Amino acid sequence: MAEIQIKNVAKSFGAYQALHDINLTIADQEFMVLLGASGCGKSTLLRIIAGLETATAGEVWIGGRRIDHLSPKDRGIAMVFQNYAVFPHLTVFENIGFGLRMQKLPNDEVTRRVERVATLMHIEQLLKRYSGELSGGQRQRVAVARALAMEPDVILMDEPLSNLDALLRMEMRAELKGVLAESKTTAIYVTHDQVEAMSMADRISVMHQGRIVQAASPIEVYRNPSAEFVASFIGNPPMNFLKATPAGDGKWSVAGQVMDGPRADRPHLQFAIRPEDIQPAEQGLTATAKVVEPLGAHLLVTCEVDGSLFRAVLDSDMVVRPGETLTLAPQADRVRWFDPETTKAVA
Amino acid sequence: MTDAVASDLGADTRKPARFLYISAVVLLCAWVIVPIYFLLINTLSSPETVTSFPKPFIPEFDLGSLTFFAGFAGILTALKNSVVVAGLTMIMSIAIGAPAGYALSRFDFPGKGLFRLLILLTRAFPLPLLALPLAVLFIRTGLDDTAFGLALVHTTLAIPFAVLITFSLFSGIPIELEEAAWTLGCTRLTAFTKVVLPLILPGITASAIFAFVISWNEVFAAAVLTIENRTLTAFLLQNLDTSPLHLKFAGGFILVVPALIFIFAVRKYLFAMWGIANR
Ligand SMILES: Nc1ncnc2c1ncn2[C@@H]1O[C@H](COP(=O)(O)OP(=O)(O)O)[C@@H](O)[C@H]1O
Ligand SMILES: [Mg+2]
C-alpha cells in the first residue's frame with residue numbers, strides 16, 4: 001500500500017515562491033500526472049517527494065509514513081530523470097542492478113531481477129553495452145528498467161519522454177503505461193505535454209504558477225475544467241471564450257444571442273465552448289470565417305464572433321470560404337461558464 | 001573562362017599564405033624541438049664529445065655522461081629529494097584542491113565568484129617577493145630545509161591548477177547522476193565513491209601529475225628554502241658554474257624528460273582547463 005499524501009507543501013527559492021500550499025492525495029497504484037507549463041513548479045514538487053529538494057513548509061506521507069525528513073534512499077521511491085542519468089561507467093546490466101547491489105542482494109537475485117525488467121523493457125540484448133553505445137530511446141528504457149528493478153512503492157518520472165522524437169514518444173507512452181499498470185506501483189509523472197497527460201493518466205493535476213488548479217480524471221479535466229486556466233490550457237485547438245451579459249432569470253446574452261445559463265448575480269460571465277462542440281445551424285452565433293484549414297479528419301475554421309477569435313471544428317465535407325458568414329450553434333450541454341473575477345467555473 | 005581566372009587568382013593568393021603558415025609551424029616546432037634534440041644528443045654522448053666541436057647530429061648512445069651524472073656526489077640524493085617533494089606536492093594539492101573544485105561546481109555559496117578569483121590571484125605574487133619572508137617564517141617554525149616545507153610552497157603553486165582542473169571535471173558530471181544514485185540507495189558519500197569518483201579518476205590523475213610536474217620543475221623556492229636537502233633543480237643551479245658541461249646536459253635531460261612525458265600524458269585535461277576543444 002503506497003498512498004501518497006502531500007499536505008500544505010510550500011517551497012521558496014529565496015524570495016521567489018515556487019510552490020504555494022499544495023495539498024494532494026494520490027491513491028495506491030494510481031497513475032497521477034502533474035501537468036503544467038514550463039516553470040510552474042512540477043519538477044520542484046516531484047523533487048520534494050523524492051527528497052532531492054527540501055520543502056519550506058508542509059508534510060509528505062507515503063504509505064501512512066511521514067517521509068519528508070528522510071533521505072531519498074529511505075523513502076521507497078525510484079526516479080526516472082529527463083536526461084536519463086544512466087551511469088556512463090557501468091554496463092546496462094550494472095546500471096539496472098545498481099540499486100539492488102546497494103541493497104546487498106545476492107548475485108543470483110540481482111541477475112534474476114535485472115533480467116526480468118530488461119525483458120519487460122525489451123533491452124535484454126543490450127545488457128553488456130555502455131550508455132555511450134545506446135540511442136536516446138534505449139537509454140530511456142534503461143532508466144525506466146533501473147527504477148522498476150528497485151520494485152519501489154512509488155515511481156517518480158520527470159518528463160521522461162520529452163527528449164525523444166515524436167514517433168518514439170508515442171510508442172513509449174503506450175508501453176510505459178502498460179508496464180506501470182502491471183507493476184502495480186503508484187506513479188507520479190511530470191509532463192508539459194497535454195496529449196501525454198490525457199492518454200496516460202488515471203488522474204491529472206493541472207498546475208499553474210505553483211498551485212494545483214484542478215486534480216481530476218482526464219475526461220473530467222477536459223469536460224468540466226474548474227477554472228478558466230484549465231479550460232484554455234487543455235485542448236487543442238483551445239476552448240472558445242465569449243463575454244456574456246445578464247438577460248434576466250438565468251438567461252445570458254452572448255454575442256446578441258440569448259441562452260440558458262447559471263442563475264448567478266454577476267455583472268458578466270465568460271461563456272465557454274470547445275471548438276468540436278459547435279455545429280452549423282439555423283439559429284446561433286453569427287460568425288465570420290477568417291481562416292479555413294482542412295485537416296483531413298475535420299475542418300478547422302477560425303472565425304470572428306462579436307470581435308473575438310472563435311474556432312470551430314466542423315465536418316470535413318463542409319465547404320466554407322474565408323469571409324463567409326456562418327451561423328454556429330453551441331451544443332447546449334457542453335457550454336461552460338466562468339466568473340471573470342475569480343476565473344472559477346460557475347454552475 | 002571566368003572560372004579559370006577566379007581559381008587562378010585563388011591559388012595565387014592562397015599559395016603565399018599557405019607557405020607562411022607552414023613556415024610558422026615549422027619554426028615553432030623547431031623552436032621547441034631543436035634545443036631538446038641537442039640536449040638529447042649531448043646527454044647520450046661521451047663527455048669528450050660534449051666538449052668537442054663540431055657536434056654530431058646523431059647521438060652516439062654513449063652512456064658515459066649519464067653514468068658520470070649518476071656517480072656525481074649528492075646527485076642521487078637530490079633526485080630522491082625532488083621525487084619526495086613532488087610526490088608530497090601531488091598528494092597535498094589533490095587532497096586540498098579536489099574538494100574545493102567539487103564545492104565550487106556543486107554548491108552555491110556567497111562569495112563564490114570572489115573565491116574563484118582569489119584562487120587565481122595566488123599566482124599574482126611573484127615567488128621572489130615571497131621567498132624571503134617565507135624563509136624567515138620557515139626557519140622560525142623549523143620547516144626550513146625539509147621536504148615537507150618545500151612541498152607546502154609547491155602545493156600553493158599547484159593548487160590553483162588543481163582546483164580549476166577538478167572544478168571543470170566535476171562540472172562536466174551532471175548532478176542528475178548523483179541524484180539518481182541517491183534515489184537508488186546511496187548516501188552523498190557512497191554516491192561520490194561509486195559514481196563521481198570512477199568518472200573523474202582519469203582527470204584527477206592528470207591534475208595530480210600536473211602538480212608533480214610543477215614541483216619537479218620549480219627552482220626558485222627550492223634554491224632559497226633548502227640547503228642540505230636540495231632538489232635536483234636547486235642542486236644543478238647551485239653547481240652550475242662548477243660542474244662540467246656534460247653533467248649539466250645530463251642533469252637537464254633528467255629534468256626535462258619526466259616533465260615532457262607527464263605533460264604529454266595529461267594534455268587533454270590541460271586543454272579542457274583552458275577551454276580549448278581537443279579533437
Ligand atoms: N534551485 C532553484 N533555485 C532557484 N529557483 C529555482 C530552482 N529550481 C527551480 N526554480 C524556479 O522554480 C520555478 C519552478 O521550477 P520547476 O519546478 O523546475 O518548473 P517545471 O518543472 O514545472 O518546469 C521556476 O520558476 C524555476 O526558475
Ligand atoms: Mg521540470
Side-chain angles (χ1 to χ4, degrees), chain A residues 13-14 43 46-47 49-53 67 70-91 94-105 110 130-132 139 142-160 163, chain B residues 94 98 101-115 165-208 265-266 268-269 271-272 277-279:
Chain A
F13 293 107
S43 297
L46 197 75
R47 291 167 58 82
I49 299 169
L52 299 174
E53 205 85 70
I67 51 106
L70 301 176
S71 55
K73 68 185 173 63
D74 301 322
R75 296 187 174 204
I77 54 118
M79 187 150 168
V80 179
F81 293 82
Q82 179 172 0
N83 63 3
Y84 322 131
V86 173
F87 304 129
H89 62 299
L90 299 177
T91 59
E94 285 307 324
N95 260 284
I96 300 175
F98 187 89
L100 309 176
R101 295 241 191 262
M102 289 308 297
Q103 293 174 2
K104 304 225 161 26
L105 294 185
V110 172
Y130 286 89
S131 95
R139 271 178 229 177
V142 174
V144 174
R146 185 174 64 183
L148 288 173
M150 299 289 288
E151 295 175 6
D153 298 329
V154 175
I155 188 162
L156 306 170
M157 288 170 278
D158 193 350
E159 314 219 7
N163 286 353
Chain B
I94 290 305
Y102 184 76
L104 274 176
S105 85
R106 286 294 189 255
F107 302 109
D108 272 321
F109 50 87
K112 184 168 161 176
L114 186 69
F115 183 63
I165 296 177
T166 54
F167 165 71
S168 77
L169 286 172
F170 286 121
S171 302
I173 294 176
I175 182 78
E176 283 87 353
L177 287 185
E178 274 179 90
E179 291 180 339
W182 299 340
T183 63
L184 291 168
C186 286
T187 60
R188 252 192 193 265
L189 185 68
T190 50
F192 185 83
T193 56
K194 285 194 180 297
V195 175
V196 180
L197 207 55
L199 289 174
I200 59 154
L201 210 54
I204 291 274
T205 314
S207 95
V266 304
K268 190 172 131 203
Y269 295 94
F271 285 139
N278 187 24
R279 273 170 293 160

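Computed from a predicted model, the values in this text were never measured in an experiment. Hydrogens, waters and symmetry mates play no part in the numbers below; they use all other heavy atoms, side chains included.
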Quick check for you: to the nearest 0.5 Å, what is the distance between [X] atom [atom1] and [Y] atom [atom2]?
X: A:Arg146; Y: B:Thr183; atom1: CZ; atom2: OG1; answer: 7.0 Å
X: A:His89; Y: B:Leu201; atom1: NE2; atom2: CG; answer: 11.0 Å
X: B:Glu176; Y: A:Leu52; atom1: CD; atom2: CG; answer: 9.5 Å

Contact origin within B:Leu199 toward chain A - heavy atom pairs under 4.5 Å: side chain

Distance-minimising heavy-atom pair for A:Phe98 and B:Cys186: CE2-SG, 3.6 Å

Engaged part of A:Phe81 at the chain B interface, taking heavy atoms whose separation is under 4.5 Å: side chain

Interface moiety of A:Val86 toward chain B, non-hydrogen atoms closer than 4.5 Å: backbone

B:Leu184 side chain reached by A:Met79 side chain, heavy atoms, under 4.5 Å: no

pair A:Ser71-B:Thr187: side-chain heavy atoms closer than 4.5 Å: no

Neighbour count above 12 (heavy atom, 6.0 Å) for B:Lys194 NZ: no

Contacts of A:Glu94 that satisfy side-chain contact (heavy atoms from CB on, under 4.5 Å) - sequence neighbours left out: A:Leu90, A:Thr91, A:Arg101

Audit row: A:Arg47, B:Glu179, side chain to side chain contact (heavy atoms under 4.5 Å, CB included) steps and yes/no: CA-CA 10 Å; A:Arg47 291 167 58 82; B:Glu179 291 180 339; 2.8 Å; yes

